[in-house]
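Okay, so here's the structure we're looking at.
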Amino acid sequence: MNTPDPEPIPVTRTVDHGTAKLLPDVDRRRAWLLTVDGAPQSYVDLDEPTHLEFEYARRLGHVLDCVAPDGRPLDVLHLGGGALMLPRYVAATRPGSRQDVVEADRGLLALVAEHLPLPGGAGVAVHGGDARQWLEAAPDDAVDVLVADVFGGSRVPAHLTTEAYAREADRVLRPGGTYAANLADGAPFTFLRSQLATFREVFAEVALIAEPAVLRGRRFGNAVLVASQSALDVAEFARRTARDAFPARVEHGEGLRRFIGDAKSVTDADAVPSPQPPGGSFSVG
């Protein structure tokens, strides 16, 4: 007679930048939610790494799916690691990809390695360190895609919001490469508009993917910024995001210029973190 698997037990640990919790999903046998100080950071299904629970993660997944033909391996740099949600997705959808992940919280990396280990041969190298310092030390033309999902608690750190940072990202990307970032803001979108203005100073093409309710200022939420020196497949982004459970809108071209308005590019001297989310926006428990 087979012995049933033991019931998964939540894990709580003090890490470098707060209190991390791994919470099992009662509806999916080997799926876990990672939070740090109550803010959701990652959701990982060890049996189904292509399942992206968070809406913003699905939008980043759509970008990753569109940048090259299905299944083609990519070289990807991830700034921000969490539970390695998107690196697992790329490893599953594009076998043979080479990926580097940079995460500032080494204690969090140790927790994830212990409880949510990567499968053998995933092609993912994980590094403890500051995202911008790592980027500045990286060689030119090193990667096809750069994904930035870096939050200190619930805020994007200031040093990852500037034109100098954007130029480093452009330097590290290969010709035709794609930058994609998870951001968060609410009306009047001072932060988000400044980020779009910043990346338009550096990249020829910029697009924004977000839920209509967020873009209309009805609530605080995530938004995905996409940038490249080559044409973005905006029509395909729109088709894919429209099919999601919570459809998103893609802003590009004249519509994006209107949204940016008179916002200015951010310098290292005047950079600030993204705004603190209103109470309860990104919290669990």
Side-chain angles (χ1 to χ4, degrees), residues 16-17 56 59-60 63-64 66-68 74-82 84 86-87 90 97-106 109 124-153 155-185 190-209 222-232 256 260 263-274:
D16 298 354
H17 297 156
Y56 86 82
R59 291 163 194 150
L60 287 169
V63 174
L64 288 161
C66 289
V67 296
L74 295 172
D75 291 342
V76 185
L77 172 59
H78 300 264
L79 302 180
L84 312 179
L86 288 169
V90 172
S97 294
R98 295 179 299 184
Q99 302 185 79
D100 286 287
V101 181
V102 183
E103 168 61 55
D105 194 322
R106 289 176 169 83
L109 290 179
V124 179
V126 181
H127 315 273
D130 177 79
R132 179 147 170 192
Q133 290 177 3
W134 179 275
L135 190 64
E136 290 172 346
D140 295 357
D141 302 333
V143 297
D144 303 303
V145 183
L146 197 167
V147 179
D149 188 10
V150 185
F151 281 76
R155 306 178 75 183
V156 179
H159 69 308
L160 303 180
T161 69
T162 71
E163 187 174 322
Y165 161 77
R167 293 195 183 281
E168 287 297 319
D170 181 42
R171 179 185 63 78
V172 171
L173 284 167
R174 292 176 181 142
T178 302
Y179 175 90
N182 176 35
L183 305 173
D185 201 3
T190 304
F191 174 77
L192 184 56
R193 290 168 60 236
S194 75
Q195 287 304 283
L196 293 162
T198 298
F199 278 80
R200 281 189 68 209
E201 285 292 316
V202 177
F203 289 90
E205 292 281 317
V206 177
L208 175 67
I209 308 172
N222 294 95
V224 170
L225 182 155
V226 189
S228 180
Q229 299 295 7
S230 298
L232 295 169
L256 188 65
I260 294 170
K264 305 298 183 189
S265 181
V266 178
T267 69
D268 283 335
D270 58 24
V272 296
S274 64

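Nothing fancy with the numbering, it's 1 onward along the sequence. The structure displayed is predicted, hence computed values, not measured ones.
Evaluated for a side-chain hydrogen bond (donor to acceptor under 3.5 Å, both in side chains) with Thr162, the options Arg167, Glu168, Arg132 yield exactly one hit, Arg132. Looking at Val145, Val101, Leu135 one by one, the single match for side chain to side chain contact (heavy atoms under 4.5 Å, CB included) with Leu77 turns out to be Leu135.
When all heavy atoms of Ile209 and Arg59 are compared, the closest pair comes out as CG2-CD, 3.8 Å. Between Ser228 and Gly176 the shortest heavy-atom distance is OG-O, 3.9 Å. Residues Tyr56 and Val224 come closest through the heavy atom pair O-CG2, 4.0 Å. Nearest heavy atoms, Ala263 versus Ser194: CB-N, 4.0 Å. Between Arg171 and Pro139, the shortest heavy-atom contact is NH1-C, 3.5 Å. Val202 and Gln229 get closest at one heavy-atom pair: O-NE2, 2.8 Å.
Between the side chain of Asp105 and the main chain of His17, a donor-acceptor pair closer than 3.5 Å is present. Checked by atom type and distance alone, the side chain of Asp185 pairs as donor or acceptor with a backbone atom of Phe191 at under 3.5 Å. No donor-acceptor distance shorter than 3.5 angstrom exists from the side chain of Glu163 to the backbone of Ser265, with no hydrogens or angles considered. Remark: the backbone N or O of Ala184 is not paired with any side-chain donor or acceptor of Ser274 at under 3.5 angstrom.
Contact check for Pro87 versus Val76: no side-chain heavy atoms found under the 4.5 Å cut-off. At a threshold of 4.5 Å between non-hydrogen side-chain atoms, the residues Val90 and Val147 do not count as touching.
Atom OG1 of Thr198 and atom OH of Tyr165 lie 11.5 Å apart (nearest 0.5 Å). Note that CG of Leu79 is 9.5 Å distant from CG of Asp130, once rounded to the nearest 0.5 Å. Between atom CG of residue Leu173 and atom CZ of residue Phe203 there is a gap of 5.5 Å, rounded to the nearest 0.5 Å. With rounding to the nearest 0.5 angstrom, the OG1 atom of Thr161 is 9.5 Å from the CG atom of Leu183. In this structure, the separation between CD1 on Ile260 and CG on Leu208 is 8.5 Å, given to the nearest 0.5 Å. Of the inter-residue distances, the one linking Leu109 atom CG with Leu84 atom CG reads 7.0 Å to the nearest 0.5 angstrom.
Comment: Asp270 does not engage Lys264 in a salt bridge, judged by the lack of any side-chain N to carboxylate O separation of less than 4.0 angstrom. Residues Arg98 and Asp75 are paired through a salt bridge, judged by an N-O separation under 4.0 Å between the basic side chain and the carboxylate.
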I would like to know whether Leu225 and Tyr179 meet side-chain contact (heavy atoms from CB on, under 4.5 Å); could you show each step before the answer? CA-CA 8 Å; Leu225 182 155; Tyr179 175 90; 4.0 Å; yes
For a side-chain contact (heavy atoms from CB on, under 4.5 Å) check, start with the C-alpha distance between Val67 and Asp144, then their side-chain angles and the critical distance, and finish with the verdict. CA-CA 9 Å; Val67 296; Asp144 303 303; over 6 Å; no
